Q: 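Starting off with a structure, shown below.
Protein chains get the first letters and strands the later ones, always in sequence-line order, with residue 1 at the start of each. These figures come from a predicted structure and were not determined experimentally. Quick note: numbers below take in every heavy atom, side chains included, and nothing from hydrogens, waters or symmetry partners.
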Amino acid sequence: MLDVERIRNDFPILSRTVHGKPLAYLDNAATSHKPRAVIQALSEYYETYNSNVHRGVHSLSMEATDRYEEAREKVARFINAGAPESIIWTRNATESINLVARSWGESNISEGDEIVLTRLEHHSNLVPWQRVAAKKGAVLKFLDLTEDGRLDLDGADSVINTKTKLLAVTHVSNALGTVVPVKELAGMARSVGAAVLVDGAQSVPHQPVDVEELDCDFLAISGHKMMGPTGIGALYARRDVLEQMEPFLYGGEMVLEVSYEGASWNDLPMRFEAGTPNIAGAIGLGAAVDYLAGLGMENVREHEKQLTAYALDGLRGLEEIDLFGPWDVDSRGGILSFYSSDVHPHDLGTFLDQEGVAIRTGHHCAMPLMGALGVPATARASLYVYNTEQEVDTLVDALKRALRYFGDGASAAR
Amino acid sequence: MEHRLLDELYQDAILEHRRSPRNRRELARPDLVGCAVNPFCGDEVAVQIVLERGRIAEIGVQAEGCSINQATASMASEAVLGLTLAQADTLRALFAGMMGGADLSGEERGRMGELNTLAGVREYPVRIKCALLIWGAIEDTISSYGEPGV
């Protein structure tokens, strides 16, 4: 069992108040808070060895390069990637997916090929493939959902067929919390010779993720959702696949030799990292990975499962709301998306904010999914390892009062 | 009393309009149509207008979204009835000015009528868009005047 109070003490922001109430931050699927170790890693870089990487022969540059490359090794170990060259720094998970779409997708996907996604995808794992399909004359196919927001595996083996060139799926849905059985789907994709991309933005921060076990070619990672700084993300790609890929951006750092007429490409991973990278961000993400590894990802997942079960129990008592996604915590990450026809999610969000409770309201960058659920938007509470049962109680209690406040005949009750 | 700050935002009039929205119907034979979408939240408002002697004789509004959006749509639909398109556009600019923090004169406040109850939205900057959506739809509707086929 994790000592959550002790963990909370590592996060300076958690002691602040909002509108005079203690902050109950339940918007972790949007971004997570940063432990002191990450904040210190950033300031230590800028205060003591700020310098560019892979360029100078001076001490500061060598220190910066060492720490920057150590961070890459940490991320590689964290997801069992083997070689650190399989980790490409990006700005975020969105850029990671775009890199694959532009570089791998445009050279490997041809007319008539099929790209298989799920109905759950975040816009970042949908729109890039729409563009590839439009450019190359390929076809998008979707794995459907069951009523409780799980993936309907019954039809999956016909959707994934010999025409499938790529399976690109989220690991955990940011909108519903559904845990997608990636390993099983990847097995189907492998059997027809398709490549596999996993959007790990909502899984890597919350549970053990092992790219060997998932058997994926690509894994998109978001830094800021896993306690790292904003502006840093990573792409894991199988080394032999990366070797065959055309660079995504061109410029300094990614080249080996340049003449006025042409250029040759640098080794991996630099071939995909043109220009001065987010050095502080990468080092900060390395510190975040250290912090998470110190807690143990099994423990993080266990804490969130217990807290999710507790939250599901609390929300079950509210008749006015519909809760989306699976009820079984083994099939759900710490994301609770709900809707009440009595109160629009934005009104709920404003009410909860007055109580110090931070949740996300809106379409969660999954507009087609909202349409499929038949709602304009949802309210979403998302948990992390530093959240407590007390914060969930605050949420449920505030929700009850919000429903009273906005419900019919509310004026009299005010 | 418990939610004093919120009550400034969610005035009784606003909650009442949200529960009983005025002019919430789709006009079968409008002279002008328009709509607006807030991509941030996906909320949508559609408007149809019937003109008689240059004035807004009938208005139909379909507002999907939060209570601020729906209440503003309802109040605005009442406020523009009987106005010329130019007057409706002036009222739109006046309301947008109020959301932007402009001090309105007594005469201007008089013209705004019940829409004044939305002044509290200014304290919630992310919600200002919700109150402006109907006006975006009205602007879009006005701009369709004179377009072929309308």
Side-chain angles (χ1 to χ4, degrees), chain A residues 17-21 27 30 123 127 175 339-380 397-414, chain B residues 1-21 24 35-46 61-75 99 114 117-134 137:
Chain A
T17 57
V18 172
H19 302 299
K21 311 270 172 64
D27 193 20
H123 296 162
V127 182
Y339 180 76
S340 163
S341 56
D342 299 341
V343 193
H344 189 276
H346 285 341
D347 293 322
L348 270 184
T350 294
F351 188 101
L352 294 181
D353 177 58
Q354 292 294 324
E355 303 294 313
V357 180
I359 61 161
R360 168 81 190 268
T361 56
H363 51 59
H364 317 295
C365 295
M367 287 169 121
L369 178 60
M370 295 295 117
L373 296 174
V375 297
T378 72
R380 179 190 71 187
D397 178 57
L399 272 176
K400 279 183 194 156
R401 280 182 290 129
L403 290 164
R404 252 202 328 267
Y405 186 90
F406 291 104
D408 284 337
S411 302
R414 274 159 69 173
Chain B
M1 286 309 287
E2 189 191 0
H3 303 291
R4 203 143 25 103
L5 254 171
L6 274 179
D7 294 346
E8 296 277 319
L9 173 63
Y10 296 110
Q11 306 252 341
D12 285 340
I14 293 175
L15 294 180
E16 194 274 320
H17 270 269
R18 175 199 154 241
R19 279 189 212 104
S20 323
R24 186 182 173 83
C35 65
V37 176
N38 180 352
F40 165 72
C41 58
D43 285 357
E44 289 180 24
V45 178
V61 174
Q62 300 88 52
E64 297 303 330
C66 65
S67 55
I68 301 301
N69 165 359
Q70 294 201 33
T72 319
S74 174
M75 290 179 189
M99 287 295 117
E114 212 172 14
T117 57
L118 288 151
V121 176
R122 288 183 299 193
E123 304 302 316
Y124 298 82
V126 294
R127 305 300 300 277
I128 290 175
K129 286 194 285 281
C130 314
L132 290 177
L133 197 61
I134 176 66

Q: Between A/Thr350 and chain B, with a heavy-atom cut-off of 4.5 Å, which part of the residue counts as in contact: side chain, backbone, both or neither?
A: both
Q: A quick test of your reading: do over 12 heavy atoms of other residues, nucleotides or ligands sit less than 6.0 Å from NZ of A/Lys400?
A: no
Q: May I have all residue pairs that pass salt bridge (charged side-chain N to carboxylate O under 4.0 Å, His left out) and include part of residues 356-370 of chain A, sequence neighbours excluded?
A: none
Q: Grab the two heavy atoms, one from A/His346 and one from B/Cys66, that are nearest each other, plus how far apart they are.
A: CB-CB, 4.0 Å
Q: Sort by residue number and list every residue of residues 120-130 of chain B having at least one heavy atom under 4.5 Å from chain A.
A: B/Tyr124, B/Arg127
Q: Distance from B/Leu6 atom CG to A/Glu355 atom CD, nearest 0.5 Å?
A: 7.5 Å
Q: Would you please name every residue forming a side-chain hydrogen bond (donor to acceptor under 3.5 Å, both in side chains) with B/His17, sequence neighbours left out?
A: B/Ser74, B/Glu114
Q: Kindly indicate, with the supporting measurements, whether the criterion side chain to side chain contact (heavy atoms under 4.5 Å, CB included) is fulfilled by A/Phe351 and B/Tyr10.
A: CA-CA 10 Å; A/Phe351 188 101; B/Tyr10 296 110; 5.7 Å; no
Q: Working to the nearest 0.5 angstrom, can you tell me the gap between B/Ile14 CD1 and A/Asp347 CG?
A: 10.0 Å
Q: With rounding to the nearest 0.5 Å, note down the distance linking CZ in B/Arg18 to NE2 in A/His344.
A: 10.0 Å
Q: For chain A, which of B/Asn69, B/Asp43, B/Ile68 has the most heavy-atom pairs under 4.5 Å?
A: B/Asp43
Q: Which of residues 368-376 of chain A have a heavy atom under 4.5 Å from any heavy atom of chain B?
A: A/Pro376
